[in-house]
Each structure stands twice: as structure tokens, then as C-alpha cells.
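Let me begin by presenting the structure, written as C-alpha cells, before commenting on it.
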Amino acid sequence: MNKKRILAIDDEQDMLYVIKMQLEAHQYDVLTARDGQEGLTMARREAPDLIILDIMLPKLDGYKVCRMLKFDKKYSAIPIIMLTARAQEGDEKLGYEVGADYYMPKPFEPKKLLGKIKELLEKTA
Amino acid sequence: MLKDMDKDKTEFVSVVSHELKTPLSIVKQLLMLLYDEDAGPLNDRQREVIVKMQHNVDRLKDMVDKLLEVSRIERGKLKLHYSLINLPELLGDSMDYFKTLAAEREIALSYHFPKKEIPIFVDAERIRQVMANLLNNAIKFTEKDGRIQVEAKVLEATIRVGVVDTGIGIARADIPKIFNKFTQVGVGREAGKKGIGLGLAIARELVERHGGEIWAESRLGKGSRFYFALPRFYTADLLTARLKESIRTFLRQKTPVYLINLRIVNYKKFRERIPVAPLKMAGDIQGIIDASFRESFGADDGKRRVFIADRPGGKYSLIFPAARQGQDSARAATQERVDGFCDLLTAKIKSYFVARKIEDVFIALGILSYPSHPPDEAPPSSPAHLNIKEIYIGAEMRRAKRIPYETGLEVISPRGTEACRSLDLSQVGVCFISPRPFKTGDRMTVKFCLMKKKRNVTVRGRVAWITLRERSTDYPAGQYKVGLEFSHLDAKEKSLLAQELGLYYE
């Protein structure tokens, strides 16, 4: 069976480390990118099954990356989970307005993230 | 490595706190990774160590959050988001969580509040924060087999909530200081109980921002009673049939909408105080709403929005569609623009009244979402939703308006008669200084001479709140500031008081 591929985009190296280790322990293949531009390029090139996207990113912020993928028919079907450390009110609404499929605050509980990933992947299957 | 500080040059604490949060958050994440054995199997001792690390990281995170909060408060950046809620529901929300927490330490926690609905107009999240702070403290400082009680009481002009425990108590000399910043009193035996001493300071700030009071009574070794009182507001019927129908029309077209409600509180009385004919005022307000709308969303043909005015009732409602996903036009009603519109509207209305010499107008912005959903359950593909903003305008509830009033008072209570001095007077009570303490709820009679009317009055009352001021050279034993609420005033007494206070009696 083919493993599902997840692209994680975050500028904090250690966050990528954590996400990679957690997801790989649960049979996912993980690709990583460290800024918005790189993330967008990789998403288009690799067509992952799901994207985990941080908001505060250098070069191109998470909202823009999400918007650009969601408004492009070729990639709009890829589920996107947005992560953020900010807890400001407008964030979540903006996240949904740009088409994110889910919105998770950091730090997140691994079980919650894994559960959401599973749920979103099953939906698109 | 501190990032670019240009934006927040003067907000050192805020920037530092933000920077601290990132690595803290990552450490938490790494610990969870370890604990879940995603990095390999663990033995019992390693698990224990990780749990202790998580506990301390949580303590750190809590301190950083509090520092940020205080910094926000000090920079005037704390914005309250009001809504009309039912107090028992608000308290009940976290009841299970705290009962479990208390049970873990073998403390009995019980709740006592009236069964009826108690509507209050507050920032629900912030009041929850105050409650959590008081309850966490009560649990922290109460020993095994102790009791904690949460009670809510509806008074004349306020709603009072109390957290009463049989814990270790606070020394009299320390009571005036506990709400100060960075003050820690009577720390528990275990080092793990120490915090940063900001919780109560934040609680006080939040309660006072709501126009309320917070105070404590305590006896060392016997227990503590923490109270806070919030002003009562009125019940507003939010959605009339016409409004509901208009909203339904939009929702049927799958368009998310905004509903902005403008309410003048106590409208009949308010109208009488304003030197403008009611009809003209209603027209003026409508004009202000129109102008603000055009300024915020650009000139339009008025077709997309629905405006409903209930002029005799002092209520105005505006409904318009929210910006759709991806809609970028300059006229789209995005959250940001709507916030700007409400701010503009509030400012214009305030100037309108100030220009007509009505200065004690209060304008509060309330945000209600309909339908509401719990914050951590995100509706990824929600159907068209409704955002409601309520703007309340009104004169401060005059009956409870306190004016400075200094005169001698004779205070008669079960323990005798004492001569005290009053500080302020209102139609519902009097605030005075007493050398000795009373307990919240104590009954007494006060006698004093009305300075303007030159009449003696004798009124009964109950202690609504009491705070201990710090010692001074004049009062080495400290001074108690007592808030007394009058009970059972008859019509004659009410009228006398009203005339004394120069207020219009209603």
C-alpha cells in the first residue's frame, strides 16, 4: 500500500523535526519546507496528499500560500491544516476565509493532529 | 535570538514574552513526542522525569502568558468583547473540570446559585478567567478534606459571585496587598505551587474594567472568601420577528451576514435628558449610521443592506452580507472593515452626545455569534453564519450612580454603635470607612443627616462588599471601606434620597 505523503511547512527547524518524527512513526512520508516560497514550490511539484502549514513564514506567509493553492483547481483538493502560535481572534476567521480545511493552535496534541489528518485524508479518498 | 524589534520598540515585555513562547511551545511538543514513545520506548523512571518536565514547562508557560496579559493591560491594549450571557451557564461551563480537579486533592467543591436566568452583559471569556483564577487559588490553598463553595447572589444593582474556602487563609496584614502585582502570600509547602504572583492582579484589572469590584475576607488558618461583583444590566430582546425574517432571507441564499444592533439603554429616561426632540434624535442617529456605513464600505445604492428602526424603543438594526471567500473588492464587508465600521459608528455617536453635553453616555460594543459553537470545534465547512454586533448606548444606570458624599454616620449593628464617615452615596447604598471589619452580608442600620435636605434618615442595609485598606499613620490598625446596600427603602425614603442626590426619581 502506498504511504500517504504529507508536506510540512514551518520556519522553525525543531517544529519540523517534531512533526516529521511523529508522522513518520504513524506511517506517513513527510516532506518539509522552511519558508512560504519553498513550500508553495514543493506543493506544486510534489502534489502531497495533505499539507501542514504554519502561518508565520518568511518570504510568503501561510495565508497567501493557502490561498494560492486553494484557488488553483489543480491543487485545491489537497487538504490544508493551518498551525499557529498566535491566539488572536481574527486569525481563525481569516484562516477559513482563505480556504483552510482546519485550524490548529500550537502546541497541539499529537493525537488531535493525527486524528484530523486521518479524517481529512479519508474525506478526499 | 531576538527578531526584528522595530515594530514594538517600547513594548519590551510584550516582545520578550512572545519570543519566549516559541521555544516553550516547541519544548512542550518535543516532550509530548517523547512521552508518546514516538522516539523510542520508555521505562517508568524516564516517564516520571518527562512528566515533571512537562509540569515545569506548563508553569513557565503560565507565567509568560500572565506577563503578556499584564503588558497588554498596561499598554491599554486589552479589548473587551461583551455579550449578553446567563451567569449560571457561564459558571456551569467549567464546573465539571474544577470539581474533578478538587476531587483529585480530596476537596469538596459545591456550587450554589439561583435556578433562574441571570443575564449579565460581560466579556464571557474574561469572567471565566477571573473565576478560574479564584478557583485555582482556592484549590491550591485548601488542604485535604477541605471545602470550597461557589455562590452567586443577585443584589439590587450588582451580581455578586463568591469563592469561599476552608483553606489556610491570609494574614490580616497581607489582605490589602494580595491584589497587587507580583505579590505572593502564604505559599504552599510544595515548591510546585509558586507562580508569578500576577493572577489576582489580572483578575482585579478585569473585574474593574467591567465596572465591578473584587475583594477578599480571610482569617489565617480558618479560610478565605473571595468575592467579585459586576454591575447588572438589562435584558434586551435581541431579535424581533422582522429582523429574524430579514436574516433568514440572506441565510437562505447561503450568504453569511452581519447584524449590527444599536441600542439606547433606558431610552425613555434618556430621551428626557437630551435637549433634542426624540424624532430629530432618531433621525440624526440614522444619519450617523448611514454616513459611517458609506465611509466604511463605499457609496452604495442601499439595496444590499436592510435597515430596521424601532424609534420609540431606541433600537436600530442594520443587516448586510459579509464578504465572500476570496472577495477582494474595496466594498466587501470583511471582518476588519466591519470592526472599523463599528469603531467609527461608536466614535461618531459618542461625539454626537458629547456635543450636546451628555457626558456620561456609555457605549458598549457587544459581539454575539449566532449560532455559537465551542471554540475548539472548528466548523471547516460551515454553512452561512450570522455575526452579530451589539452597540449599547445609555446613561449610566442612574439609580446606582455614586456621588462623593462625606458626612458622619452612626452605624448600628449587633455589636453596638460606631461613629463612621461616609465616602459616597447613591440611591441604592452608601460607602463608608469603618475602623473595624464587617462580613459580607452583615445587616445593620445607619443614621445620618442629609446635608442638603437637612433631614435625619435612618436606613437599614446589608454589607455588599468590604475592602481592607493598608495601615497608615492616621489609622495604624488599618481601615475598612464598606459598601452598604440599602434594603427596604419606602417610597418616602427613596424620594428623599433622590432629591438629596439631585437625581430625577423614577
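Note on naming: letters A, B, ... go to the chains in the order of the sequence lines (proteins, then strands), and numbering restarts at 1 for each one.
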Please determine whether the number of non-hydrogen atoms from other residues, nucleotides or ligands lying under 6.0 Å from atom [atom1] of [X] exceeds 12.
{"X": "A:E109", "atom1": "CD", "value": "no"}
{"X": "B:Q46", "atom1": "CD", "value": "yes"}
{"X": "A:M21", "atom1": "CE", "value": "yes"}

When rounded to the nearest 0.5 angstrom, what is the spacing between [atom1] in [X] and [atom2] in [Y]?
{"X": "B:T22", "Y": "A:D14", "atom1": "OG1", "atom2": "CG", "answer": "11.5 Å"}
{"X": "A:Y17", "Y": "B:L30", "atom1": "OH", "atom2": "CG", "answer": "7.5 Å"}
{"X": "B:Q29", "Y": "A:K106", "atom1": "CD", "atom2": "NZ", "answer": "8.0 Å"}
{"X": "B:D38", "Y": "A:K20", "atom1": "CG", "atom2": "NZ", "answer": "14.0 Å"}

Which atoms of B:K21 come close to chain A, meaning under 4.5 Å heavy atom to heavy atom: side chain ones, backbone ones, both, or neither?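 When you check distances to chain A, no heavy atom of B:K21 falls under 4.5 Å.
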Less than 4.5 Å apart, side chain to side chain, heavy atoms only: is that true for B:D36 and A:K111?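 In contact.
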Count the heavy-atom pairs under 4.5 Å between each of B:M32, B:K28, B:K61 and chain A, then report the option with the highest count.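 If we count pairs closer than 4.5 Å to chain A, B:M32 comes out on top.
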